**Q** 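The structure that follows is given in the form of structure tokens.
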Amino acid sequence: MKEYKVKVEVKLKPVVLDPQGKTVLTALHNLGFEGVDDARIGKLIELKITDDDAGKVRARVEDMCMKLLANPVIEDFVVNVEE
Amino acid sequence: MSKSNKYNFGIVVFPGSNCDHDCYHAIKHVFGQDCEFLWHHETDVDRFDCIVLPGGFSYGDYLRTGSIASLSPIMKSVEKFAQAGNPVLGICNGFQVLVEVGLLPGALIKNSSLKFVCKWVSVRVESTNNIFTENLKVGDTLDIPIAHGEGNYFCTSEELKELNDNSQVVFRYCTENGELSPESNPNGSIENIAGITNKAGNVLGMMPHPERCAEEIILGTQGRLIFESIISWLNLNKKEKGRA
């Protein structure tokens, strides 16, 4: 058994309007940062998981995302597993 | 409304619910029905005729509004209760719980203004093909308060088509005259949607608060029409239970 560090990025789907991201984009422009074309805000969830191998960990975390960590109606997720 | 029948309403209380007592007051004291609070660990809901998921901030809105509450032990029982055709009313945070648990389609995301909006709005009745607006007519408008930060209804275009095709959209935000406009949409909801039902019409989720406009003393009474519709439906459909 090994301990894995897992990072889950949860992002709003591109079709979902992100009012928080839009507000941050406007604020960046107001601060004078040029060339910033878009800003989207998501979540980063860090997990520590003990299991036999990385493949199993990934499968379990994807299940967690579908059931709780992300809402598949509005959000996409990316799972990164590190030893 | 018949005075002879009394029904048993269950109000689910999650950690962070805060409109549970308002619902209890309206149902018990304004409508004279039996009413019980149901802690979210309970699993037996068979004694109830209607379940209400009240407004509030269950679990502090952690992760996503309604997401943790949707995993509470009681929600499995509420799902069965709903699948059996019994009335389930989710108000505000209750609506957010109903979409998270999958009894209603779509999701409720942050208001487009990013602001918590607390004010009176008008909603137009779009469908009466359900338990909750039976006593109303399509096109009627109701003055009703809202108070939420995440009431921006979102769903896929396929889900939206299905909602419209099946008359599942019950309320839309409108002007005082009943016109739909971007200005009358307080939170950015798709097609001004303020409340929807499931296909069968026995589960309603709505962001506005009917329990906050059920008495003259609080300057609004049109929320009564929704509770009265539920009671009318129970009178027609629950008499066989022989409650007196």
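These figures come from a predicted structure and were not determined experimentally. Computed from heavy atoms alone, side chains included, the values below leave out hydrogens, waters and symmetry copies.
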**Q** Between Asn152(B) and chain A, with a heavy-atom cut-off of 4.5 Å, which part of the residue counts as in contact: side chain, backbone, both or neither?
**A** neither
**Q** So which residues of residues 20-38 of chain A are in contact with chain B at a heavy-atom cut-off of under 4.5 Å?
**A** Gln20(A), Thr23(A)
**Q** Just verifying a value: how many Å separate Glu100(B) CD and Leu68(A) CG, rounded to the nearest 0.5 Å?
**A** 8.5 Å
**Q** Side chain, backbone, both or neither: which part of Val15(A) has an atom under 4.5 Å from a heavy atom of chain B?
**A** both
**Q** Do other residues, nucleotides or ligands put more than 12 heavy atoms under 6.0 Å from the CD atom of Glu176(B)?
**A** no
**Q** Which residues in residues 180-213 of chain B have any heavy atom lying under 4.5 Å from a heavy atom of chain A?
**A** none
**Q** List for me each residue that meets side-chain contact (heavy atoms from CB on, under 4.5 Å) alongside Val16(A), sequence neighbours excluded, and say none if there are none.
**A** Leu12(A), Lys13(A), Ile74(A), Ile109(B), Phe154(B)
**Q** Please find the pair of heavy atoms, one from Ser112(B) and one from Pro19(A), that lie closest to each other, and give the distance.
**A** O-CB, 3.6 Å
**Q** Any chance CZ of Phe116(B) has more than 12 other-residue heavy atoms, nucleotides or ligands included, within less than 6.0 Å?
**A** yes
**Q** Pair up each side-chain donor or acceptor in residues 88-95 of chain B with any protein partner under 3.5 Å, not counting sequence neighbours, and list the distances.
**A**
residue  : atom : partner  : partner atom : Å
Asn93(B) : OD1  : Ser58(B) : N            : 3.1
Asn93(B) : OD1  : Ser58(B) : OG           : 2.8
Asn93(B) : ND2  : Gln96(B) : OE1          : 2.8

**Q** With rounding to the nearest 0.5 Å, note down the distance linking CG in Asn71(A) to OG in Ser67(B).
**A** 8.5 Å
**Q** Taking all heavy atoms of Glu159(B) and all of Val73(A), pick out the closest pair and write down the distance.
**A** OE1-CG1, 4.3 Å
